[in-house]
Amino acid sequence: QVQLVESGGGLVQPGGSLRLSCAASGFTLDTYVIGWYRQAPGKEREAVSCISRDAGTAYTDRSVMGRFTVSRDNAKNTVYLQMNSMKPEDTAVYYCAADRKASAQSMCTRVRSYEFWGQGTQVTVSS
């Protein structure tokens, strides 16, 4: 089955860390640009961080800059989002998306219909 699967979400205290994974099955990620997005209750989905095919370029939203880091391991067919110094406002469902035609910059500029989307993983930051 061709799909993206996110994992690693959960409940974390403010100031804590989580690492999300986005794994592809049924296809290889090395030709895809990957974006991480999140959607909080009652809010629109927003871009968090995006990474180019070779990991040479990454874009990160200013709201998480310095706290979140995107990386990828094409050999493992997985992209990661390391989240540190987490805040309650980081609470959301986090999604990854993959697209062969987009650039990392364009994927982080706006949310649209990309080739693949994962089902999302819940992240809750609360004491």
Side-chain angles (χ1 to χ4, degrees):
Q1 187 174 2
V2 179
Q3 60 180 353
L4 285 175
V5 179
E6 302 96 336
S7 62
L11 174 64
V12 63
Q13 292 186 343
S17 299
L18 282 175
R19 188 177 79 157
L20 304 183
S21 298
C22 172
S25 63
F27 68 105
T28 55
L29 280 180
D30 59 355
T31 59
Y32 289 78
V33 176
I34 305 298
W36 281 101
Y37 304 85
R38 66 185 181 185
Q39 188 166 17
K43 296 187 177 181
E44 293 186 352
R45 192 170 299 188
E46 62 180 7
V48 175
S49 190
C50 304
I51 188 166
S52 63
R53 295 167 188 82
D54 63 358
T57 303
Y59 290 89
T60 302
D61 186 78
R62 64 181 61 187
S63 66
V64 302
M65 198 170 293
R67 300 188 297 119
F68 290 12
T69 304
V70 62
S71 63
R72 66 191 299 162
D73 186 339
N74 286 339
K76 294 184 178 180
N77 221 25
T78 303
V79 176
Y80 304 98
L81 183 68
Q82 179 66 44
M83 305 186 293
N84 299 327
S85 302
M86 297 185 72
K87 304 176 181 180
E89 51 263 42
D90 295 323
T91 295
V93 178
Y94 284 71
Y95 301 88
C96 61
D99 199 275
R100 284 174 292 186
K101 296 182 179 179
S103 67
Q105 183 177 16
S106 67
M107 287 192 77
C108 264
T109 299
R110 58 180 178 142
V111 180
R112 59 181 179 89
S113 179
Y114 297 116
E115 289 187 64
F116 296 104
W117 280 93
Q119 82 291 347
T121 185
Q122 176 69 47
V123 171
T124 302
V125 185
S126 175
S127 56

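- With hydrogens and angles ignored, the 3.5 Å screen pairs no side-chain donor or acceptor of T60 with any backbone N or O of S49.
- Taken together through direct or relayed side-chain contacts under 4.5 Å among Ile, Leu, Val, Met, Phe, Trp and Tyr, Y94 and V33 form parts of separate hydrophobic clusters.
- Every pair passing disulfide (SG to SG under 2.5 Å) that includes a residue from residues 62-127 is listed here, sequence neighbours excluded: C22-C96, C50-C108.
- Atoms OG and CZ, from S17 and F68 in turn, are 9.5 Å apart once rounded to the nearest 0.5 Å.
- Both V64 and V12 are members of a single hydrophobic cluster when ILVMFWY side chains are connected at heavy-atom separations under 4.5 Å.
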>> Go through it in stages, so that I can follow the logic: the residues are E6 and W36, the test is side-chain contact (heavy atoms from CB on, under 4.5 Å), and I'd like the CA-CA distance, side-chain angles, deciding distance and then a yes or no.
In response: CA-CA 10 Å; E6 302 96 336; W36 281 101; 4.0 Å; yes
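- Partners of T28 according to the side chain to side chain contact (heavy atoms under 4.5 Å, CB included) rule, which considers only residues two or more places apart in sequence or in another chain, are D30, N77.
- Between the side chain of R72 and the main chain of S52, a donor-acceptor pair closer than 3.5 Å is present.
- M107 and I34 are assigned to two separate hydrophobic clusters, defined by single-linkage of ILVMFWY side chains at heavy-atom distances under 4.5 Å.
- Between atom OG1 of residue T69 and atom CG of residue L81 there is a gap of 8.0 Å, rounded to the nearest 0.5 Å.
- Here the OG1-CZ distance, from T31 to R100, works out to 6.0 Å after rounding to the nearest 0.5 Å.
- In this structure, L29 and A98 approach most closely via the heavy-atom pair CD2-CB, 4.3 Å.
- Proximity of D90 to R67: side-chain heavy atoms (C-beta onward) are separated by under 4.5 Å at one or more points.
- Residues V123 and L20 are in side-chain contact: their nearest non-hydrogen atoms beyond the backbone lie under 4.5 Å apart.
- Residue A58 comes nearest to V70 through the heavy atom pair CB-CG1, 3.8 Å, listed as atom of the first residue, atom of the second, then distance.
- In this structure, CG on L11 lies 9.5 Å from CD on Q122, to the nearest 0.5 angstrom.
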> Taking it one step at a time, do R38 and S63 satisfy side-chain contact (heavy atoms from CB on, under 4.5 Å)?
Replying inline: CA-CA 12 Å; R38 66 185 181 185; S63 66; 3.4 Å; yes
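- Two residues are said to be in side-chain contact when any heavy atoms from C-beta on lie closer than 4.5 Å; D61 and E46 fail this criterion.
- Residues passing the side chain to side chain donor-acceptor pair (under 3.5 Å) test with S85, sequence neighbours excluded: none.
- We find the OG-CG distance between S113 and D99 to be 8.5 Å, quoted to the nearest 0.5 Å.
- Formation of a donor-acceptor pair under 3.5 Å by the Q82 side chain with backbone atoms of R19 is not found in this model.
- Under the side chain to side chain contact (heavy atoms under 4.5 Å, CB included) criterion, R45 pairs with Y37, Q39, Y95, V111, W117, sequence neighbours left out.
- Residues passing the side chain to side chain contact (heavy atoms under 4.5 Å, CB included) test with A23, sequence neighbours excluded: T78.
- Residues meeting the side chain to side chain contact (heavy atoms under 4.5 Å, CB included) test with R112, sequence neighbours left out: A102, R110, Y114.
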>> Pair L4, F27 - check side-chain contact (heavy atoms from CB on, under 4.5 Å), show working.
In response: CA-CA 9 Å; L4 285 175; F27 68 105; 3.7 Å; yes
